[in-house]
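What follows is a short report on a single structure.
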Amino acid sequence: MMDLDAALALTQNVTSASMCDAMARVRGHRAHATGLICARPGTVSAGFAATVRFGPRRDDLPVHDLASAAGHALGDVPDDAILILAAPDDPREALAGGKKLAAVEELGYAGVIAWGAIRDREEAAGYEMGVWALHETPRASGDLLQIIDVGVSVSFGGVTIVPGDWVHIDAAGLVVVPAADRDAVLEAAVIIEDADATAVTEIRRRGRQARA
């Protein structure tokens, strides 16, 4: 397996579209989710997934701090991981805000993908890590949702994410790649990008000739 720096270098040369096409060549299952918005437009985030699952709050269950859960979720996941916050489809309160996201960044995370709402999006836009969510809300967390489990498989948006999966997200969408397939998918995505660029160049050349 290529090292993390090499994988991240390849990431700069591919899009979620080419990653999705490459995944289709390797696996038959759906691997993409859409609808997530980045706090800082133009950001591309990629890395190994660490997961935290939220659920409806129960008064008889302990309330867990996000920073502690995020630290536990790192487990054996390499540095520069992407924290996945998976919640039921209820955007009425935030999964995290500026302070909690700052604490996550201090743990060494390269990004946060929240399938739910966050608050303080403008503040998060200034963070070094990429922060993605479905919605923004001014309502704080804790009344409706709580952390239910850490370091487990989570499902949302038509995909299942297993801790340690490689995730790639840009403005078009999120692509989830099994860790064992990461190198093959990245390398195939680079080839697809090059082929597409060549095809576009040829289309433009023929168009200019036809107009001449």
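Scope of the values below: all heavy atoms of this structure, side chains included, with no hydrogens, waters or symmetry mates. Since the structure is predicted, the reported quantities are computational estimates derived from the model, not experimental observations. Nothing fancy with the numbering, it's 1 onward along the sequence.
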Atom pairs and distances, side-chain donor-acceptor, residues 110-122, under 3.5 Å, sequence neighbours left out:
residue : atom : partner : partner atom : Å
Trp115  : NE1  : Asp89   : OD1          : 3.2
Arg119  : NH1  : Pro138  : O            : 2.9
Asp120  : OD2  : Gly98   : N            : 2.7

Kindly list each side-chain donor-acceptor pair under 3.5 angstrom involving residues 147-167, sequence neighbours excluded, with atom names and distances?
residue : atom : partner : partner atom : Å
Ser155  : OG   : Thr160  : OG1          : 2.8
Asp165  : OD2  : Val162  : N            : 2.8

Does His64 form a side-chain contact (heavy atoms from CB on, under 4.5 Å) with His72? I'd like the steps, not just the answer. CA-CA 11 Å; His64 298 285; His72 180 64; over 6 Å; no
Between Leu144 and Arg57, is the side-chain contact (heavy atoms from CB on, under 4.5 Å) condition met? List the steps. CA-CA 5 Å; Leu144 304 175; Arg57 181 177 175 180; 5.9 Å; no
Is there a side-chain hydrogen bond (donor to acceptor under 3.5 Å, both in side chains) between Thr137 and Glu93? Walk through the geometry before answering. CA-CA 6 Å; Thr137 179; Glu93 71 171 33; over 6 Å; no
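Expressed to the nearest 0.5 Å, how far CG of Leu10 lies from CG of Leu186 amounts to 5.5 Å. Atom NE2 of His168 is separated from atom OG of Ser18 by 6.5 Å, given to the nearest 0.5 angstrom. Within the model, atoms CG of Asn13 and CG of Asp194 stand 8.0 Å from one another, a figure rounded to the nearest 0.5 Å. The structure places OG1 of Thr15 at 4.0 Å from CD of Glu193, a figure rounded to the nearest 0.5 Å. Asp59 CG to Gln146 CD: the interatomic distance, rounded to the nearest 0.5 Å, is 8.5 Å. Taking CZ of Arg206 as the reference point, atom CZ of Arg211 lies at 14.0 Å (rounded to 0.5 Å).
Of all non-hydrogen atoms in Arg182 and Asp3, the two that sit nearest each other are NH2-O, 4.2 Å. The minimum heavy-atom distance linking Lys100 with Ser141 is given by the pair NZ-OG, 2.7 Å. For the residue pair Leu8 and Ala46, the shortest heavy atom distance occurs at CD2-O, 3.6 Å. The minimum heavy-atom distance linking Ala70 with Val104 is given by the pair CB-CG2, 4.2 Å. The minimum heavy-atom distance linking Ala87 with Leu95 is given by the pair CB-CD2, 3.7 Å. In terms of heavy-atom proximity, Asp170 sits nearest to Ser16 at OD1-OG, 2.6 Å.
Side chains of Ile169 and Val44 form no contact here, defined as non-hydrogen atoms less than 4.5 Å apart. Put simply, the side chain of Thr43 reaches to within 4.5 Å of the side chain of Ser45, judged on heavy atoms. By the 4.5 Å heavy-atom criterion applied to side chains, Met23 and His32 are not counted as neighbours. In this structure the side chain of Leu66 reaches within 4.5 angstrom of the side chain of Leu85, judged on heavy atoms.
Leu174 and Met19 are not part of a single hydrophobic cluster, where members link through side-chain heavy atoms under 4.5 Å apart. In the hydrophobic cluster analysis, where Ile, Leu, Val, Met, Phe, Trp and Tyr join through side-chain heavy atoms closer than 4.5 angstrom, Ile84 is grouped apart from Val131. Cluster membership for Val175 and Phe48, using ILVMFWY side-chain heavy atoms within less than 4.5 angstrom, is shared. Hydrophobic clustering (side-chain heavy atoms under 4.5 Å, transitive across Ile, Leu, Val, Met, Phe, Trp, Tyr) groups Val14 together with Val177. Linking ILVMFWY residues whenever their side-chain heavy atoms come closer than 4.5 Å, directly or via other members, leaves Val52 and Leu134 in distinct clusters.
Counting heavy atoms of neighbouring residues, nucleotides and ligands inside a 6.0 Å radius, atom CD of Glu202 exceeds 12 of them.
Within the structure, ring pair (Phe, Tyr, Trp, His ring centres under 6.0 Å) contacts touching residues 171-191 (residues at least two apart or in different chains) do not occur.
With hydrogens and angles ignored, the 3.5 Å screen pairs a side-chain donor or acceptor of Arg40 with a backbone N or O of Tyr127.
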